[in-house]
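Take a look at the structure set out below.
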Amino acid sequence: LLLAGADSSVRPVPFNLDTADLELLVIDTCAPHRLVDGQYEARRRACENAARILGVGSLRDVGDLGAAVAALDDEGMASRVRHVVTENDRVTQFVKLLDTGQIREVGPLMNASHDSLRDDYEVTCPELDTAVDAARAAGALGARMTGGGFGGCAIALVDRDVRSKVATQVADSFQEAGFAHPEFYVVTPGPAALSVQWYDRAAASTTVSPRSACCRRGSRGIPTDRLASRQQLRRRSQENCRQGSQGHDRSRLFAQCGCS
């Protein structure tokens, strides 16, 4: 999804990995997020202060990056601005490539994003940097940290036939560095989670409006003149999800109906 903070708009962006024989490998570094010391808030505050000094409502409105950086006396603040402005540009480039089907070309943008998060925004950690460096060295098209940083996960865009090689090299690098063993997940973009509409029990003439296959099964057998309670419908949905109803993958069902 392309999220635009300026107008809160949301646009789906094509990201079909199968057509390019690619996989998105999630690397859980098992390093806990270290946000408790206020570093994340400090970066947000630096960006807000920089925008005020530069006379713009948001750093997305900075036109001349060189002039903006030169106008800031604080090198740390200038680095934060450089990251935000260049990252916004990378997002725009990334989306253009995906819109035109050039999914294999996005790797360098992922790499540049991580480098900027490491050097300018300074929100990575040794485990994240090690995971990214090892993934790149093993042949990943691109790799970067994801989320708020200071721990957590990295992602690597890999050819399907080198996934094991990348995971092995990352694990070996972690062992050499004395880090906890990382965990790996291959993920596939899919439809958004679906929801179930809950109605007031007193509305006897109103029935539940199911939204997914497992929720449809979960709502069967409930008399239309007696609305199922939230607990009843959730329990039925969970039971059917666990059975992998209608031959669907259970994890997909869980994701769609929110029963997990």
Tell me who clusters with Val26, hydrophobic residues only, linked when side chains sit under 4.5 Å apart either directly or through other members.
Leu2, Val13, Phe15, Leu17, Leu22, Leu24, Val91, Phe94, Val95, Leu97, Leu98, Ile103, Val106, Leu109, Met110, Leu141, Ile155, Leu157, Tyr185, Val187
If I take atom CD from residue Glu127 and atom CD1 from residue Ile27, how far apart are they, to the nearest 0.5 angstrom?
13.0 Å
Lys/Arg N to Asp/Glu carboxylate O, Glu87 vs Arg90, below 4.0 Å
yes
Residue list, side-chain hydrogen bond (donor to acceptor under 3.5 Å, both in side chains) with Asp64, at least two apart or on another chain:
none
Residues in ring-ring contact (aromatic ring centres under 6.0 Å, His included) with His83, at least two apart?
Tyr121
Leu59 and Val85: which non-hydrogen atoms are nearest, and at how many Å?
O-CG2, 3.9 Å
Identify the two heavy atoms, one from Val170 and one from Pro182, that lie closest to each other, and give their separation to 0.1 Å.
CG1-CG, 4.2 Å
Salt-bridged, Arg118 to Glu122, with N to O below 4.0 Å?
no
What residues form a side-chain hydrogen bond (donor to acceptor under 3.5 Å, both in side chains) with Ser9, not counting sequence neighbours?
Asp7
List in chain and number order the residues that pass ring-ring contact (aromatic ring centres under 6.0 Å, His included) with Phe174, two or more places apart in sequence or in another chain; answer none if no residue qualifies.
Phe179
Going by salt bridge (Lys or Arg N to Asp or Glu O under 4.0 Å), name the residues that satisfy it together with Arg11, two or more places apart in sequence or in a different chain.
Asp99
Under 3.5 Å donor-acceptor, Ser79 side chain and Glu75 backbone
yes
Val132 and Ala143 have their tightest heavy-atom pair at CG1-O, 3.7 Å
Hey, is the main chain of Ala4 close enough, under 3.5 Å, to the side chain of Ser8 for a donor-acceptor pair?
no
For Gly139 and Val162, which heavy atoms make the closest approach, and how far apart are they?
O-CG2, 4.5 Å
Taken in chain and number order and not counting sequence neighbours, the residues that satisfy salt bridge (Lys or Arg N to Asp or Glu O under 4.0 Å) with Asp159 are Arg104
Salt bridge (Lys or Arg N to Asp or Glu O under 4.0 Å) assessment of Asp18 paired with Arg160
CA-CA 9 Å; Asp18 288 337; Arg160 189 173 286 117; 3.3 Å; yes
Just jot down the salt bridge (Lys or Arg N to Asp or Glu O under 4.0 Å) partners of Asp120, sequence neighbours excluded, or say none.
Arg82
Any chance you could measure Ser113, atom OG, to Arg144, atom CZ, to the nearest 0.5 Å?
3.5 Å
Taking Arg44 for the side chain and Tyr40 for the main chain, is one N or O donor matched with an acceptor at less than 3.5 Å?
no
Not counting sequence neighbours, list each pair that qualifies as a side-chain hydrogen bond (donor to acceptor under 3.5 Å, both in side chains) and has a residue in residues 161-182.
Glu23-Arg163
Kindly state each residue pair satisfying side-chain hydrogen bond (donor to acceptor under 3.5 Å, both in side chains) with at least one member in residues 132-142, sequence neighbours excluded.
Asn111-Arg136, Asp115-Arg136
Decide side chain to side chain contact (heavy atoms under 4.5 Å, CB included) for Leu54 and Leu72; before the verdict, give the C-alpha distance in whole Å, the side-chain angles of both, and the deciding distance to 0.1 Å.
CA-CA 8 Å; Leu54 296 172; Leu72 298 171; 4.3 Å; yes
Could you pull out the closest heavy-atom pair between Gly148 and Val123, with the gap in Å?
O-CB, 4.1 Å
Run the side chain to side chain contact (heavy atoms under 4.5 Å, CB included) check on Met145 and Asp129 step by step: do they pass?
CA-CA 8 Å; Met145 59 152 277; Asp129 293 335; over 6 Å; no
Would you say Phe184 ends up clustered with Leu128 if hydrophobic residues are merged whenever their side chains have heavy atoms under 4.5 Å apart, either directly or through other cluster members?
no
Compare every heavy atom of Val62 with every heavy atom of Ala68, then report the nearest pair and how far apart it is.
CB-CG1, 3.7 Å
All side-chain hydrogen bond (donor to acceptor under 3.5 Å, both in side chains) counterparts of Asn49, not counting sequence neighbours
Arg52
Among residues at least two apart in sequence or on other chains, which ones pass salt bridge (Lys or Arg N to Asp or Glu O under 4.0 Å) with Glu183?
none
Do Cys153 and Asp28 touch side chain to side chain, with heavy atoms closer than 4.5 Å?
yes
